[in-house]
Structures are given as structure tokens and as C-alpha cells.
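Inspection log for the structure reproduced underneath, given as C-alpha cells.
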2 protein chains.
Amino acid sequence: MQFLSGKCSLGMIISNKCYYGLKAMIELALREGQGPITIGEIARAQGIPVRFLEAILRQLKQAGYADSIRGKEGGYVIAKEPTFVRLGDLILFFEGPLMAVSPSATAHESASPTPIPDVLSPIWKRAEKSLLDVLSSYSLQDLVEMERARNSSEAMNYTI
Amino acid sequence: MQFLSGKCSLGMIISNKCYYGLKAMIELALREGQGPITIGEIARAQGIPVRFLEAILRQLKQAGYADSIRGKEGGYVIAKEPTFVRLGDLILFFEGPLMAVSPSATAHESASPTPIPDVLSPIWKRAEKSLLDVLSSYSLQDLVEMERARNSSEAMNYTI
DNA sequence: TATTATGTCTACCAATTTACTAGAGATTGT
DNA sequence: ACAATCTCTAGTAAATTGGTAGACATAATA
């Protein structure tokens, strides 16, 4: 077994892609107003494989979270105000509907005529809502401020 | 794209295995006190592939949720009072830790000396707790009662 | 206009996980 | 002895994850 590397052989784990995407958005938000930032810079700053990040940023652009400037001196910029970007929305974008219910097996010989009126469905919905409520209580701006606080306290440790 | 068949190409979805496992536990709880129930019966009642269910029940036995009686007239029985089995525990058992944080990439040339003191980690923890709080607010007994209510209301529709 | 630094697109690939299936064996009631 | 059951070890096809490779498009600037 590999120690928490990648997926750790368990279900329901946020994918690396989503994680990289969030970190890229944080980086873009951190540098808002500083002109286009290249894929390479973002990759270096956040420790993301550059060719993988390329595809992730393209998706973020298509979804309207980022804009790109092509050609020399080009790069990516954030497309929305960080205050209005909710963490829950970003995760939903990368991961799709959280906690979807698997279809009740169709090879069902028993009587049930209405398809999938499962006792678990409403519970799933409640759980997903609760999850998204927590995640959406944070904006990208919140994350940026946390990141700034972390960086400055880290710098403190060095000067001591 | 296949319409919600299996995984629907999206992340963070409860696996079929977990879903089957929950349905099997519901079936065992429904028939508590009626003697051993064979894998085949459970599979038929809940629409689960029998050889797959076999492995799932073995896991449930190892975890102490079910007991088995071998040989002829054998089968499975529930091993705990349904009132004391929490939905959150069962899901945790099948899926492992929900919402684990991927490791921040190790190929990090930048300064960060403390490993993975990520701004996202505390948020993940809060989200997971909120999720488990909802899931663990239901016991297996609750599910059984919902299932019974559903079945009887279904029967009603037929007699009308 | 040539160069060069950038983003864009399509395709491909290896490792892992999921969702099973197969077959042989062990156990127990009759 | 027989038959019905659980048990164990493999194996496996399809999907997903986590990338990589290479060719191309675009734009600044010299």
C-alpha cells in the first residue's frame, strides 16, 4: 500500500485534478490585477504538473472561471471576483454531482413498479446539501486570505 | 455517456458495492429473528449479483455487522441490533475516510518546509463532519421502518 | 516578416479501481 | 453419502485517474 499517494485505494476522495484546480484558482486570485500569469508560473508556484495543469486551466476557462490571453506575454487571469466564487461551486464543477445514488439494479424480478423510489435517495440529498452548505460557506477570497495569513506566519518563523 | 449507470463518469459517488452492502443490511434487518437467510435470497430480494454479494457479506461478517451459519440450512443473520447501527458507520466501512485530502504535490521546489499545512485541510474536515453527522442521524432501524412504510403504501396502490 | 513565447487541441498511455465472474473447497443438516 | 450452503483465492473487462506527447494557433516584438 502506498501512503496516501493519489487515491489510497479508498472511495469518495477529492481527485488530484480538482485539488490542482482549486490551487490554481487560489493562485490566480492571489495575483489578481497583476496581468496574465503563465501556466508554467502557476504550476511552479503550486507544485502542479505543467501539462496536466494546462488541461485543467482550459476547463476552468470554458466554465468561465478563468480567462486566457494567447501569444507572447500571454497567460491566465481570473475571470470573476474571488468574493463571488464559492468553493462548493468549484468542487461541483470538477467532481460533478456529489453523492449520486447508484441506480437500483434493474435485474429486479420483485414487484417494485416505480423505478428507484429508494429509501436512501432522500437521505443522500440531505447529506449532499449539508456538505455543499459547508463548502459554499467559503469563497475564493476567504481561501486567499487564509493563504496570505499562512504565508506571513511562515515568514515570521524564519525571521525569528 | 451512459445515463447514471454505475459511475456516470463523475467523482465522489457512492460505489455500487457500498450501495449493495447497505441494501443487504436492510434486508437482514427486515428479517431479523427469522433464522438464517441465504445469499441467494438476499440477492433476489434486493437485486444484487449473487457472486458479488457473497464477497460483500463476507466483509460485513468480518466487520461484525453480520454473522453466518455454514452448511445446509445456513445463511446470514444480522449481528447487531438495527437501532445501534448507524448509516454513517456502514458507509465509512465501505468507502473509507470520506473527503480525504490529496497530498500536496511533493515535487515542490518552492519554500514551504512544513509538509501539507494546506488551507483546504480544515475545510475538508468540517465538511466531512457535517456529512457524517447527517448520515449518522439515521440508524439501520430507521431505514427498515422507511422501507416497511414504502412497501405498505405500495401495496395500498395495488388494492385501490 | 521572422522569431519566440505563449495558449490550444487531439491523441495516447500506464496504473489503479470498480464491478464483477469462476472454480475449487470447507462445513453441516439430513 | 449427499446436497445445500458458506468460504477462499484468483482472474478479468471496463472505466477512471493522472498524467504525457506532439503538432498547431496566436500574438508581441525585434
A:Tyr76 OH to C:dG7 P: how many Å, rounded?
-> 7 Å

Between B:Arg148 and B:Glu145, is there a side-chain N and carboxylate O pair less than 4.0 Å apart?
-> no

Are the charged groups of B:Lys125 and B:Glu128 less than 4.0 angstrom apart, N to O?
-> no

Phosphate OP1/OP2 of D:dT7: any B:Lys61 side-chain N/O under 4.0 Å | yes

Residues clustered with B:Ile69, ILVMFWY side-chain links under 4.5 angstrom | B:Val77

What string of B, S and - do you get for nucleotides 21-30 of chain D 5' to 3' if you count protein non-hydrogen atoms under 4.0 Å?
-> BB--BBBB--

How long is the line joining CG of A:Asp67 and P of C:dG7, in whole Å?
-> 13 Å

Nearest-angstrom distance from the residue atom CG of B:Leu57 to C1' of D:dT5 = 13 Å

Would you please say whether a donor-acceptor pair under 3.5 Å links the side chains of A:Arg126 and B:Tyr138?
-> yes

May I ask you to verify if any side-chain N or O of A:Ser68 is less than 4.0 angstrom from the OP1 or OP2 atom of C:dT6?
-> no

A:Arg44/A:Glu41 salt bridge by N-O under 4.0 Å criterion = no

Assign B:Gly40 to base, sugar-phosphate, or nothing according to its heavy-atom contacts below 4.0 angstrom with the strands shown.
-> nothing

For A:Ile37 and C:dG7, what is the distance between atoms CD1 and P respectively, to the nearest whole Å?
-> 11 Å

Rounded to the nearest Å, what distance is computed from the CG atom of residue B:Asn16 to the P atom of nucleotide C:dT21?
-> 12 Å

OP1 or OP2 of D:dG19 under 4.0 Å from side-chain N/O of A:Tyr20 | yes

Measure from CG on A:Leu60 to P on C:dG7 and round the result to the nearest Å.
-> 14 Å

With distance as the sole test, does A:Glu95 use its side chain to make a donor-acceptor pair with the main-chain N or O of A:Ser15 at under 3.5 Å?
-> yes

Length of the line joining B:Tyr19:OH and C:dC20:C1', which is rounded to integer Å | 18 Å

Run the salt-bridge test on B:Glu27 and B:Arg31 with the 4.0 Å N-O cut-off and return the result as yes or no.
-> yes

Take atom CD1 of B:Ile39 and atom C1' of C:dA26, then tell me their distance rounded to the nearest Å.
-> 14 Å

